[in-house]
S.K.: 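Just dropping this structure here.
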Amino acid sequence: MKSVPRRAQMRLWTLPPMLLACAACVSAPPIVAAPSACSRLLPDEWREGVPGAALPAGQSLADWMIFGDAQTGQLDKSNDRYRAAVGIVERCEERDRQAVKASRSRLFGVF
């Protein structure tokens with residue numbers, strides 16, 4: 001008969017650690033980051049792209065060389081815009097990741 005009260009006491013002593021374990025799992029609310037509009041940081045005129053150079057009116061070799069040089073300049077503009085756009089979006093996404101990471105609570109300033 002002495003073992004029955006000990007079992008009851010043992011069950012009561014297992015309850016607090018289980019409650020603490022459950023509380024540790026559900027104590028922090030989930031962090032939901034709103035989708036940011038990094039693409040809004042890009043200028044609107046970039047949506048239309050870079051127009052090509054105008055075709056030469058004459059048939060001389062010099063006219064076509066000028067056209068080729070102008071077309072290469074337009075391609076350089078287009079490539080610069082692409083690199084700038086990718087860089088802007090990457091920095092925006094990294095900023096958002098850092099904000100979410102910083103908003104998570106830390107246990108004793110360590111975890």
Side-chain angles (χ1 to χ4, degrees):
M1 290 267 190
K2 289 184 179 182
S3 64
V4 173
R6 286 186 182 173
R7 282 189 194 161
Q9 287 177 350
M10 190 59 119
R11 286 185 189 147
L12 287 175
W13 280 108
T14 58
L15 186 61
M18 288 179 12
L19 289 175
L20 285 173
C22 289
C25 292
V26 296
S27 63
I31 297 173
V32 178
S36 63
C38 294
S39 61
R40 290 181 133 182
L41 298 174
L42 303 174
D44 290 333
E45 61 267 9
W46 285 13
R47 289 187 182 275
E48 297 173 22
V50 177
L55 288 172
Q59 294 295 323
S60 72
L61 183 60
D63 290 338
W64 282 98
M65 288 174 62
I66 292 170
F67 165 74
D69 190 36
Q71 187 68 13
T72 303
Q74 295 301 91
L75 179 63
D76 287 342
K77 281 185 198 176
S78 176
N79 289 336
D80 286 342
R81 282 187 183 181
Y82 176 76
R83 284 189 289 272
V86 168
I88 289 169
V89 171
E90 284 175 347
R91 286 189 299 274
C92 179
E93 290 170 349
E94 181 62 27
R95 178 197 62 190
D96 292 348
R97 269 193 296 279
Q98 293 298 326
V100 169
K101 186 177 178 181
S103 67
R104 292 192 174 122
S105 62
R106 291 188 164 85
L107 180 64
F108 303 118
V110 178
F111 302 107

S.K.: Which atom names give the shortest non-hydrogen contact between Trp46 and Ala84, and what distance separates them?
M.R.: CH2-CB, 3.8 Å
S.K.: Which atoms form the tightest heavy-atom contact between Glu45 and Arg81, and what is the distance?
M.R.: O-NH1, 3.9 Å
S.K.: Looking at every heavy atom in both Glu93 and Cys38, which two are closest together, and how far apart are they?
M.R.: N-SG, 3.8 Å
S.K.: I'd like to know if Arg91 and Glu94 make a salt bridge, using a cut-off of under 4.0 Å between side-chain N and carboxylate O.
M.R.: no
S.K.: If you take all heavy atoms of Leu42 and Ala85, which pair is closest and at what distance?
M.R.: CD2-CA, 3.6 Å
S.K.: May I ask you to say whether Asp80 pairs ionically with Arg83, meaning some side-chain N is under 4.0 Å from a carboxylate O?
M.R.: yes
S.K.: For Gly52, does its backbone N or O pair with a side-chain atom of Gln74 as donor and acceptor, under 3.5 Å?
M.R.: no
S.K.: Please tell me if the side chains of Phe67 and Asp63 come closer than 4.5 Å, counting only heavy atoms from C-beta onward.
M.R.: no
